[in-house]
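Only one structure is covered here, and it is reproduced in the block below.
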Amino acid sequence: MAAAAGLKRHRLTLEVTFASENDKKAFQEKLDAAKRLILPLHQRDTHSFLNAMLDRILATATTSGSVTSIPPVVTPIGNSFLDTSGVFTGDNNPDDQKLFVVEKRCFNNLCQGLTQNCSCTRYPSWQVKTFVQKGHVARVCFKCCSCGVTRTWASSRILNGRYLANQKLVHAFTCAGMLPQQFVSFCKFAGIGEIKKHYMHTMYNRLQYRDVIKGIAEISMQNAVEDIKALPHYATKGEWVMTDARHDSTGNALHTTVPCLAGSTCRIVGICTVSRAEHQVADTRELVCTRLVIADVQARGLNVTEVAHDYEPLVTRFITEELLAINSYDTWHGTKNIVKE
């Protein structure tokens, strides 16, 4: 009985499943090849092979500094790849909460890259070496845990030497009517990275963004005029338009802008901006802008027969005495005295 007890073996079964018989055969061939490379002929059993492989992994980790240099395996909880199933439970490092913008195509590239074998042909195992934020874009350097080779990835592609995502966000806040400082403050508090004003200035001017937008606006306004001229009433009545001044600040504003809106289609047919350098007094700058924008609309070929505005006496005089058109007021200014009475 004692001899029998000494021969007792303790078995551990590892179950490996395959999608097909061919996958199983390919795995077995790869396992046999690995055994031949690592073990001598008389020790090529699976038990000896697994022991030898684990010893090599631990020895490599110890040589590189400590066992903790092996990246921890995050066990998915439920159906999520995120630790804690994506539920925020607090962070020890504020950098863990950094936000950045990523293109879908770049994200797909990242997923493919992390699942590919390294040049050392070992099983893919990558860890983040460096993380740098360029504006709203993340640039990450990954290091192979086996051989130390590095690969880089960015969350955006490049257009004209600059990240596309950064340029698209500048375009977005500009079209939304936000001022550069408002956008800078928003990004700072949101923690999505910052784009400096000199970057915006370069994009607006050296990259000719301003010229491109101006050209697109000119085409849009000219098309709006042509659509109005095709309306049935235009040939006999012309078109009525509405203007209104907007200052970039209270008091002696640096810039004043007057858009011109077509009454029949509610489309912009003209716009004019005058700076303090061009006309110093903000109170009379609306008249200067209105003169220029009406002249610009007429130059596009639109017959302006009536102008509605916000009850500005100097503009009223210009419309009735110089333009010789019908003077009107916008809904609020034209009816507020009736409401009071």
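Clustering ILVMFWY residues whenever any of their side-chain heavy atoms sit less than 4.5 angstrom apart, transitively, puts V102 in a cluster other than the one holding V132. Placement of L159 and W153 in two distinct hydrophobic clusters is found when ILVMFWY residues are connected by side-chain heavy-atom separations under 4.5 Å, directly or transitively. V307 is not connected to I268 by any chain of hydrophobic side-chain contacts under 4.5 Å among Ile, Leu, Val, Met, Phe, Trp and Tyr, and they are in different clusters. When hydrophobic clusters are built by joining Ile, Leu, Val, Met, Phe, Trp and Tyr residues whose side-chain heavy atoms come closer than 4.5 Å, directly or via intermediates, Y163 is not grouped with V140. Under the 4.5 Å side-chain heavy-atom criterion for grouping Ile, Leu, Val, Met, Phe, Trp and Tyr, L261 is not connected to W240 through any hydrophobic cluster.
Annotation: side chain of T174 is not in contact with side chain of I213 (no heavy-atom distance under 4.5 Å). Contact of the W126 side chain with the C144 side chain is registered, since non-hydrogen atoms from C-beta on lie closer than 4.5 Å. For the pair D227 and T265, the minimum side-chain heavy-atom distance is 4.5 Å or more. Q222 places a side-chain heavy atom less than 4.5 Å from the side chain of E226. The shortest distance between side-chain heavy atoms of V128 and F142 falls below 4.5 Å. At a threshold of 4.5 Å between non-hydrogen side-chain atoms, the residues L287 and R317 do not count as touching. Looking at R285 and E278, their side chains never come closer than 4.5 Å, going by heavy atoms from C-beta outward. A 4.5 Å side-chain heavy-atom check between H309 and F318 finds every atom pair outside the cut-off.
When all heavy atoms of A245 and T256 are compared, the closest pair comes out as CB-CG2, 4.2 Å. Contact record, A282 with H247: O-CE1, 3.7 Å, taken as the closest heavy-atom pair. Listed here is the closest heavy atom pair of P180 and M200: CB-SD, 3.7 Å. Here the shortest heavy-atom pairing between I319 and L323 reads O-CB, 3.4 Å.
The side chain to side chain donor-acceptor pair (under 3.5 Å) test applied to T130 returns no partner, not counting sequence neighbours.
Ring planes of H171 and Y209: perpendicular class, angle over 60° (limits at 30 and 60°). Using a 30° and 60° split on the angle between ring planes, F18 and F27 fall in the tilted class, from 30° to 60°.
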Trace of the side-chain contact (heavy atoms from CB on, under 4.5 Å) decision for E29 with K25: CA-CA 6 Å; E29 291 176 353; K25 183 179 179 181; 3.5 Å; yes

Worked verdict on D296 versus L292 for side-chain contact (heavy atoms from CB on, under 4.5 Å): CA-CA 6 Å; D296 183 53; L292 292 173; over 6 Å; no

Intermediate values then yes/no, side-chain contact (heavy atoms from CB on, under 4.5 Å), T305 and I326: CA-CA 6 Å; T305 56; I326 300 173; 5.7 Å; no

CA sep, side-chain torsions, deciding dist, call: K168, E103, side-chain contact (heavy atoms from CB on, under 4.5 Å): CA-CA 11 Å; K168 290 185 72 172; E103 288 187 71; over 6 Å; no

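Under a cut-off of 6.0 angstrom, the local environment of CZ in F131 is crowded, with over 12 non-hydrogen atoms contributed by other residues, nucleotides or ligands.
Side-chain atoms of E239 come within 3.5 Å of backbone atoms of G263 as a donor-acceptor pair (strictly under, hydrogens ignored). One N or O on the side chain of R300 and one on the backbone of V269 form a donor-acceptor pair closer than 3.5 Å. A donor-acceptor pair is defined here as one N or O able to donate and one able to accept, closer than 3.5 Å; no such pair exists between the side chain of Q167 and the backbone of M203. When atom types are taken as modelled, the side chain of S156 and the backbone of L164 share a donor-acceptor pair closer than 3.5 angstrom. No donor-acceptor pair closer than 3.5 Å links the side chain of N166 to the backbone N or O of I195. Judged by distance alone, with hydrogens and angles left aside, the side-chain atoms of S185 form a donor-acceptor pair with the main-chain N or O of Q181 at under 3.5 Å.
We find the SG-CD distance between C141 and Q127 to be 10.5 Å, quoted to the nearest 0.5 Å. Between the CZ atom of R246 and the CD1 atom of I271 there is a distance of 11.5 Å, given to the nearest 0.5 Å. Atoms CD1 and CD, on I294 and E322 in that order, are 12.0 Å from each other to the nearest 0.5 Å. Here the CG atom belonging to L110 is positioned 6.5 Å from the CZ atom belonging to F107, to the nearest 0.5 angstrom. Atoms CG and CZ, on L114 and R151 in that order, are 9.0 Å from each other to the nearest 0.5 Å. In this structure, the separation between OG1 on T202 and NZ on K196 is 14.0 Å, given to the nearest 0.5 Å.
A donor-acceptor pair shorter than 3.5 Å cannot be found between the side chains of S155 and H136.
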